Amino acid sequence: MPVARPETSDARVIAHVDMDCFYVQVEQRKQPELRGLPTAVVQYNEWQGGALIAVSYEARSCGVKRSMRGEEAKAACPEIQLVQVPVARGKADLNTYRSAGSEVVGVVSILAQSGKCERASIDEVYLDLTDAAESMLADAPPESLESIDEEALKSHILGMSREDGDDFKESVRDWICRKDADRRDKLLGCGIIIVAELRKQVLKETEFSCSAGIAHNKARSYLFSKLASGMNKPAQQTVVPYAAVQELLSSLPIKKMKQLGGKLGTSLQTDLGIDTVGDLLQFSETKLQEHYGINTGTWLWNIARGISGEEVQGRLLPKSHGSGKTFPGPRALRSLSNVQHWLNQLSEELYERLSSDLEQNKRIASTLTLHASAFRSKDSDSHKKFPSKSCPLRYGVAKIQEDAFNLFQAALREYMGPFGPKPQGNKKETWRITGLSVSASKIVDIPSGTSSIMRYFQSQTTIPSCSASGFPQEHVAVTPSASESCSEQKSAETLPAMPEEDITVTYTSPDLDNSYRDIDIVLEKDASCQSNEAKEFPTQSGTQTKTIGRKINNSKEKNRGMPSIVDIFKNYNASPQAKEETQEDSTVSLTSNRGNLSSSTNHSSEVNQEVEDRRDTEWGYKVGEIDQSVFDELPYEIQRELRSFLRPNKRPNSGKSKSGDGSASSSIAHYFQPLKR
DNA sequence: ACGGATCCTACG
DNA sequence: TCGTAGGAT
């Protein structure tokens, strides 16, 4: 699973910042009355009071633990406040937490402007503060400061004996300011001050408290930010000096290490008889490689020594979006139309999130994947894996819904295999669906400032046929996108008709205002979705926009079903330098109900300029190289826009000035740009 | 090198 | 527990 990365440079300063019981804090910010009370966030309420997914520190001290049910929590702590995760479309809706998460990432990335910042999860970031720490050491080393921040003095310095009160803070100060310290430790000392300041700012800007680990690499900072915050208290920061690493690891239970909490960790315990990380040291690198393969073996050898060369990626946005739901036990889905109903819900949510991503971050996803889990009762291998399927992603709710359903049916046929779709003349299916999810991946940036492209995709979101005409439509037409790209290419073969119940399925489709309205559609009895004569939605009178994907497919053999514009952007974005600059293009949506921190003003011009600088040299396509038939199929506005992109007016190469005024300041404010309101 | 499918891991 | 994510193979 894990892979080894040799340590590249010696003295990095890496911080892992982790929000304390994040969902609880989000709810407490929304409902300040809850602050200070034992609180937990639960998801669903029906069964045993719902499942706890986040627990406040007050509740933890009452003995409430994550992965208790709501009722257990009430028993352990009668005064606990249980807040429910919002529900939308019949499923948990995590959007409020997601946007609070991007709010945090946005603030952190701005504060850490001088260093790389990586969104590690909804509430965690890694920071590479090496440069900031080095500049501080050069310009304003801690010992030169007249006073050290109180927050910094509260840090835990591992390996340092801990006494209470001022003595403790005094010794922290001494450690930070020690003149004869190892350079690596001095850098960590700077890291302490920087992170303390950053955490204070995050609290001020977002009202969320967080904990942090500061060390020389990701593995160490992660581990100790987790260990420390998991211990007892929120809002802690922990430093791992070089010299303390070995001893701390030596007695650390192996299962506590990231990546070793599961099967691999268990295997180490049982197969090698190991309990602590220190125990791993006895095994030679080759021995570990023999047991666990070359990659995992070397990784283990390294991690036992706290070595990890993994770099902090400058990525502030997620790499995929997914929407899923489980249907445990008796709630398992037993009919195709029920599956379709839920796929429609999930697809709707997914589309909504793709739309925001497009709007806010100018990104488009290009792959749609369907995952499901299932079992077949009353049969030998009742727990065969349900295969995943993917296809090119077409923008538009109805398209995603269609494609998802088609992917599902393809997967189901494969899953059922020889059993065939209709094993007995019985009424009910033999399969049960216990989980469904749709996800969108391979997300690429599109050049900013191309407004017509935005309009193009927006127009794609309207369903021309039914919403305008009001005619009931048979909506399960096969589209080339999903059906052709599914594994079974025997397109000529008529697929076995799936039994379909008479049922009213609610389709929802966005109208022009992006608000949703419901349209009831009665599925035909034999909605043998499977006629492979691709039925196109009747191209609607009013709509200019064409489904470019298909037409292009006809003229261009490869890339079936893939909107060519995605190809173009993909190629564009594949240019070597284009990425890694996620720092600057931090169009992270700072959709806070309080401050509106649009980070753009400062940066966007710079980004645009950069984009323009690369145009001529780094576009994967030159205008003449784009297949004319592809180009012609694009909406006129986009053609025009692309032409202007492809033939840029050359501008003087203004070497991207490293932001920062260069004025040396003795204040740490130098390392942070205060947020402007 | 790349992409689809599968598996594993982690966490609120 | 569920709903999401990321990474390795």
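Nothing here was measured: the structure is a model prediction, and the numbers come from that model. Here is the naming used below: chain letters follow the sequence lines, and residue numbers restart at 1 for every chain.
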Engineer: Check this one for me: any side-chain N or O of A:K263 less than 4.0 Å away from OP1 or OP2 of B:dC8?
Structural biologist: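 Result: yes.
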Engineer: By nearest atom, which of the nucleotides C:dG6, B:dG12, B:dT6 is closest to the A:P387 side chain?
Structural biologist: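 Closest nucleotide among those given: B:dT6.
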Engineer: Under 4.0 Å between any heavy atoms, over every strand shown, what does A:E72 touch: base, sugar-phosphate, or nothing? Just pick one.
Structural biologist: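 No contact at all - A:E72 keeps every heavy atom at 4.0 Å or more from the nucleic acid.
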Engineer: Rounded to whole angstroms, how far apart are NZ on A:K389 and P on B:dG3?
Structural biologist: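 A:K389 atom NZ is separated from B:dG3 atom P by 18 Å.
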Engineer: Starting at atom CD of A:Q313, determine the distance to atom C1' of C:dG7, rounded to an integer number of angstrom.
Structural biologist: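 A:Q313 atom CD is separated from C:dG7 atom C1' by 12 Å.
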Engineer: Here's one to test your reading of the geometry: is the NZ or CZ of A:R60 within 45 degrees of the ring axis of A:Y57 and under 6.0 Å from its centre?
Structural biologist: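 The answer is yes, since A:R60 meets both limits relative to A:Y57.
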Engineer: Taking 4.0 Å as the cut-off, does a side-chain nitrogen or oxygen of A:S388 come that near to OP1 or OP2 on B:dT6?
Structural biologist: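 It does, given that an N or O in the side chain of A:S388 lies less than 4.0 Å from OP1 or OP2 of B:dT6.
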Engineer: Rounded off to whole Å, could you give me the NE2-to-C1' distance for the A:H371 and C:dA5 pair?
Structural biologist: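 About 11 Å, once rounded to whole Å.
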Engineer: Using a cut-off of strictly less than 4.0 Å, decide whether A:K258 has a side-chain nitrogen or oxygen near OP1 or OP2 of C:dG6.
Structural biologist: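 For A:K258, the contact criterion (side-chain N or O under 4.0 Å from OP1 or OP2 of C:dG6) is not met.
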Engineer: Taking only N and O in the side chain of A:K319, is any of them less than 4.0 Å away from OP1 or OP2 of C:dG7?
Structural biologist: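 Yes, because at least one side-chain N or O of A:K319 sits under 4.0 Å from OP1 or OP2 of C:dG7.
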Engineer: Check this one for me: any side-chain N or O of A:R119 less than 4.0 Å away from OP1 or OP2 of C:dA5?
Structural biologist: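 No, no such contact exists.
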Engineer: What is the separation between atom CD on A:E118 and atom P on C:dA5, rounded to the nearest whole Å?
Structural biologist: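 After rounding, the gap between these two atoms is 16 Å.
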Engineer: Please work out if A:A51 contacts a base, only the sugar-phosphate, or nothing of the nucleic acid, heavy-atom cut-off 4.0 Å.
Structural biologist: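 If one applies the 4.0 Å heavy-atom cut-off, A:A51 turns out to touch a base.
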Engineer: What nucleic acid atoms does A:M68 come within less than 4.0 Å of, heavy atoms only: base, sugar-phosphate, or nothing?
Structural biologist: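 Nothing, no nucleic acid heavy atom in range.
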Engineer: Using the ring of A:Y415 (Phe, Tyr or Trp, six-membered ring only), decide whether A:R376 places NZ or CZ under 6.0 Å from its centre and within 45 degrees of its axis.
Structural biologist: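 Yes, A:R376 and A:Y415 form such a contact.
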Engineer: Between P on B:dT9 and OH on A:Y292, what's the gap in Å once rounded to a whole number?
Structural biologist: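 It is 11 Å, rounded to the nearest whole Å.
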Engineer: In whole Å, I'd like the distance from the CG atom of A:L350 to the C1' atom of C:dT4.
Structural biologist: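 It works out to 12 Å between those atoms.
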Engineer: Using a cut-off of less than 4.0 Å, is there contact between a side-chain N or O of A:S437 and OP1 or OP2 of C:dG3?
Structural biologist: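 No, no such contact exists.
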Engineer: When you get a sec, tell me which of B:dT9, C:dT1, B:dA5 is the closest nucleotide to the side chain of A:R69?
Structural biologist: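 Nearest to the side-chain atoms of A:R69, counting from C-beta on, is C:dT1.
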Engineer: Output yes when at least one side-chain N/O atom of A:R353 is less than 4.0 Å from OP1 or OP2 of C:dA5, else no.
Structural biologist: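 Indeed, a polar side-chain atom of A:R353 lies that close.
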Engineer: Would you say a side-chain N or O of A:T326 is under 4.0 Å from OP1 or OP2 of C:dG3?
Structural biologist: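 Checking A:T326 against C:dG3: at least one side-chain N or O falls below 4.0 Å of OP1 or OP2.
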Engineer: Quick one: A:L300 CG to B:dT9 P, roughly how many Å, whole number?
Structural biologist: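 In whole Å, B:dT9 P lies 12 Å from A:L300 CG.
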Engineer: May I ask you to say what A:I122 touches in the nucleic acid, namely base, sugar-phosphate or nothing, with a heavy-atom cut-off under 4.0 Å?
Structural biologist: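 No contact.
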Engineer: Take atom CD of A:E71 and atom C1' of C:dT1, then tell me their distance rounded to the nearest Å.
Structural biologist: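 Interatomic distance, CD of A:E71 to C1' of C:dT1: 14 Å.
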Engineer: Taking side chain to side chain donor-acceptor pair (under 3.5 Å) as the definition, give me every residue that meets it alongside A:S373, ordered by chain and number, with sequence neighbours left out.
Structural biologist: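 With sequence neighbours excluded, A:S373 shows a side chain to side chain donor-acceptor pair (under 3.5 Å) to A:T434, given in chain and number order.
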Engineer: Under 4.0 Å between a side-chain N or O of A:R98 and OP1 or OP2 of C:dG3?
Structural biologist: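 For C:dG3, OP1/OP2 do not have a side-chain N/O of A:R98 under 4.0 Å.
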Engineer: Looking at A:R29 and A:E103, is there a salt bridge between them, counting it only when a charged N and a carboxylate O are closer than 4.0 Å?
Structural biologist: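 A salt bridge links A:E103 with A:R29.
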Engineer: Any side-chain N or O of A:K442 less than 4.0 Å from the OP1 or OP2 oxygen of B:dG4?
Structural biologist: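 A:K442 to B:dG4 OP1/OP2: side-chain N or O found under 4.0 Å.
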Engineer: For atom CZ of A:R331, is the number of surrounding heavy atoms from other residues, nucleotides or ligands below 6.0 Å larger than 12?
Structural biologist: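 Open: at most 12 neighbouring heavy atoms sit under 6.0 Å from CZ of A:R331.
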Engineer: Could you tell me which residues satisfy ring-ring contact (aromatic ring centres under 6.0 Å, His included) with A:Y292, sequence neighbours excluded, listed by chain and number?
Structural biologist: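 Scan of A:Y292 (ring-ring contact (aromatic ring centres under 6.0 Å, His included), adjacent residues dropped) gives none.
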Engineer: Should the pair A:K30-A:E27 be classified as a salt bridge under the 4.0 Å nitrogen-to-oxygen rule?
Structural biologist: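 Result for this pair is yes, salt bridge flagged.
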Engineer: Taking the nucleotide of DNA chain C with the closest heavy atom to each, which residue, A:L346 or A:R66, is nearer the 5' end?
Structural biologist: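 Looking at the nearest nucleotide for each, A:R66 comes out on the 5' side.
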Engineer: With a cut-off of less than 4.0 Å, is there a side-chain N or O of A:Y44 near OP1 or OP2 of C:dG3?
Structural biologist: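 Yes, because at least one side-chain N or O of A:Y44 sits under 4.0 Å from OP1 or OP2 of C:dG3.
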Engineer: With a cut-off of less than 4.0 Å, is there a side-chain N or O of A:S320 near OP1 or OP2 of C:dG6?
Structural biologist: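 For C:dG6, OP1/OP2 do have a side-chain N/O of A:S320 under 4.0 Å.
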Engineer: Taking only N and O in the side chain of A:K226, is any of them less than 4.0 Å away from OP1 or OP2 of B:dG12?
Structural biologist: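 Yes, because at least one side-chain N or O of A:K226 sits under 4.0 Å from OP1 or OP2 of B:dG12.
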Engineer: Just compare C:dG3, B:dA5, C:dG7 and give me whichever is closest to any side-chain atom of A:L94.
Structural biologist: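 Nearest nucleotide to the side chain: C:dG3.
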